[in-house]
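Have a look at the structure below, then the notes.
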Amino acid sequence: MRVLVTGGAGFIGSHLCELLVKANHEVICMDNYFTGSKKNVYPLLHRPGFEIIRHDIINPIDVEADQIYNLACPASPVFYQFNPVRTIQANVLGVTNMLELAKRTKARILQASTSEIYGDPHVHPQREDYWGNVNPIGVRSCYDEGKRVAEALMMDYHRQFAVDIRIVRIFNTYGPRMALNDGRVVSNFIVQALRGEDITIYGKGEQTRSFCYVSDLVGGLVAMMNADNFIGPVNIGNPGEFTILGLAERVIRLTGSPSRIIFKELPLDDPVRRRPDISLAKAKLGWAPTIEIDAGLERTLDYFRETIKGG
Ligand code: UDP
């Protein structure tokens, strides 16, 4: 099959491209390199069947594909708030462009949606039938509302034009190839611990997140893309839930770092609790994560040690 991966040079996208190339698909990796990096796909460049296109999906493009994974969008709060208008455009114009492409080529399209759909949730853990609690005018809304519009567009193209869609709600994911300056909690804590710098907890660190190792996550994406008679939305994430303070202590323990924990101001609209209910993924896809947090963090630490050493 020919598979288009938008955001293919990003953290999750590059792991997905690798898996698809290994499965002998022809892979077109598309990226504008705002947060992605060519380095992430260097090892794939010489592989037959792998090609790369520099393109921003907010502009239309015509390529032939059987399947489209639409991952293109900055996902770290630091980066999606850097140019919020552009973030909304990626989710409205970009998703429309990809849906038009899917409509014309009759490709199946999978949208990388997000747990941010649920905002600061009143229901815990989050199930797919929960409509969420999102501030429509806040600093996170460029991403949250953008991704909600993207889901609405997916469903409308499906109902109106019978486009073959899949919607996956991705919860916090970590692993090798996260950018050093990504700004998210796992990469920040690891880089700070390895450099012996202060570990920055925003707020009191009582807020929770659930962290999924990237190989588990991309396995879930592929399972969903190839599922029959199930369009989602489906949560893909690891239900193990940790406080941010607990994560900081865990990273210090695993690294043996002398770093101190310091407390900084909590960003606006930062969700208090987050954990996926993954019963739907288990029932419909036979999918569940397999990598425990310490094992995943060890692998991630190895990557960051190498990356920091290499400058
Ligand atoms: N966070 C933190 N220190 C950091 C980065 C993030 O305490 O250096 C907190 C952040 O306020 C949030 C959680 O960790 O409560 C997860 O943040 P992240 O940006 O990784 O992802 P989010 O789930 O908020 O999109």
Side-chain angles (χ1 to χ4, degrees), residues 7 10-12 35 71 73-82 84 87 90-91 112-121 124-126 132-135 138-148 168-214 217 235-252 255 257 259-276 293 296-297 300-301 304:
F11 159 50
I12 294 179
T35 55
L71 272 56
C73 183
S76 159
V78 178
F79 283 96
Y80 71 62
Q81 289 170 29
F82 175 75
T87 300
N91 286 299
S113 189
T114 164
S115 52
E116 286 283 325
I117 292 288
Y118 303 119
D120 190 7
H124 193 78
Q126 291 78 55
N133 174 40
V134 172
N135 177 355
V139 291
R140 290 174 92 105
S141 61
C142 59
Y143 188 74
D144 298 9
E145 295 291 17
K147 289 283 185 179
R148 288 168 71 96
V168 173
R169 292 181 180 154
I170 298 176
F171 281 64
N172 294 63
T173 304
Y174 70 101
R177 300 199 199 124
M178 292 184 94
L180 245 67
N181 66 347
D182 183 71
R184 271 178 293 192
V185 68
V186 174
S187 47
N188 272 9
F189 285 4
I190 287 182
V191 170
Q192 289 161 345
L194 291 179
R195 290 182 172 153
E197 295 167 358
D198 291 344
I199 296 202
T200 53
I201 290 190
Y202 303 157
K204 292 187 185 146
E206 288 166 357
Q207 70 271 39
T208 70
R209 292 294 186 274
S210 303
F211 301 100
C212 187
Y213 189 69
V214 66
L217 194 278
N235 292 337
I236 297 288
N238 191 320
E241 183 182 0
F242 303 92
T243 64
I244 296 305
L245 181 60
L247 178 74
E249 288 165 351
R250 190 174 286 266
V251 170
I252 289 174
T255 53
S257 169
S259 290
R260 291 180 314 141
I261 289 176
I262 61 164
F263 295 89
K264 293 189 145 187
E265 206 174 320
L266 188 68
L268 282 173
D269 294 337
D270 200 276
V272 176
R273 300 176 79 187
R274 181 180 293 157
R275 172 155 72 101
I293 186 91
L297 285 175
T300 312
L301 277 165
F304 277 98

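Residues take their numbers from the sequence shown, with the count starting at 1. All of these numbers come straight from a predicted model, not from anything done at the bench. One-based numbering, in listed order, for ligands and for the atoms of each. As a basis for the values below, the full set of heavy atoms in this structure was taken, side chains included, without hydrogen atoms, waters or symmetry mates.
The backbone N or O of Val185 sits nowhere less than 3.5 Å from a side-chain atom of Ser187 that would complete a donor-acceptor pair. Side-chain atoms of Glu249 do not come within 3.5 Å of backbone N or O of Leu247 as any donor-acceptor pair.
Set against the non-hydrogen atoms of Asn172, the atoms of ligand 1 under 4.0 Å away are 21 (O), 22 (P), 23 (O). Near Arg274, meaning under 4.0 Å from any of its heavy atoms, are these atoms of ligand 1: 22 (P), 23 (O). Heavy-atom contacts of Gly183 reach the following atoms of ligand 1: 5 (C) (cutoff under 4.0 Å). Every atom of ligand 1 with a heavy atom of Ile201 under 4.0 Å away is listed here by number and element: 7 (O).
For the pair Glu116 and ligand 1, a heavy-atom separation below 4.0 Å is found. Using a 4.0 Å heavy-atom cutoff, Lys264 is absent from the residues neighbouring ligand 1. Ligand 1 lies within reach of Pro267, whose nearest heavy atom is under 4.0 Å from it. Under the 4.0 angstrom criterion for non-hydrogen atoms, Arg140 is in contact with ligand 1. Note on ligand 1: Gly205 sits outside its first shell, no heavy atom being nearer than 4.0 Å.
From the protein, the heavy atom lying nearest to atom 15 (O) of ligand 1 is Asp270 OD1, 2.5 Å. Scanning the protein for heavy atoms near atom 8 (O) of ligand 1, the closest one is Asn188 ND2, 2.8 Å. The protein non-hydrogen atom at the shortest distance from atom 19 (O) of ligand 1 is Arg184 CG, 3.3 Å. Scanning the protein for heavy atoms near atom 13 (C) of ligand 1, the closest one is Ile244 CD1, 3.7 Å.
Ring geometry for Phe211 versus Phe242: interplanar angle under 30°, hence parallel rather than tilted (30 to 60°).
In this structure, Thr208 and Arg275 have side chains that are not in contact, with every pair of non-hydrogen atoms separated by 4.5 Å or more. Counting heavy atoms from C-beta outward, Asp198 and Arg260 have side chains that approach closer than 4.5 Å.
In this structure, Asp182 does not pair ionically with Arg177, as no charged nitrogen and carboxylate oxygen lie closer than 4.0 Å. Ion pairing of Glu116 with Arg140 is present here, as a side-chain N (NZ or NE/NH1/NH2) and a carboxylate O approach within less than 4.0 Å.
Here the shortest heavy-atom distance to atom 3 (N) of ligand 1, taken over Val185, Thr200, Ile199, Val186, belongs to Thr200. Closest heavy-atom approach to atom 1 (N) of ligand 1 within the set Tyr202, Phe79, Phe189: this belongs to Tyr202.
By the criterion of a heavy-atom distance under 4.0 Å, the side chain of Gln207, and not its backbone, is placed next to ligand 1. Residue Val78 does not touch ligand 1, judged by heavy-atom distances below 4.0 Å.
Tyr118 pairs in a side-chain hydrogen bond (donor to acceptor under 3.5 Å, both in side chains) with only one of the listed residues (Gln126, Arg169, His124), which is Arg169.
Summarising the geometry of Ser210 relative to Asn238, their closest heavy-atom pair is CB-O, 3.0 Å, with the distance given to 0.1 Å.
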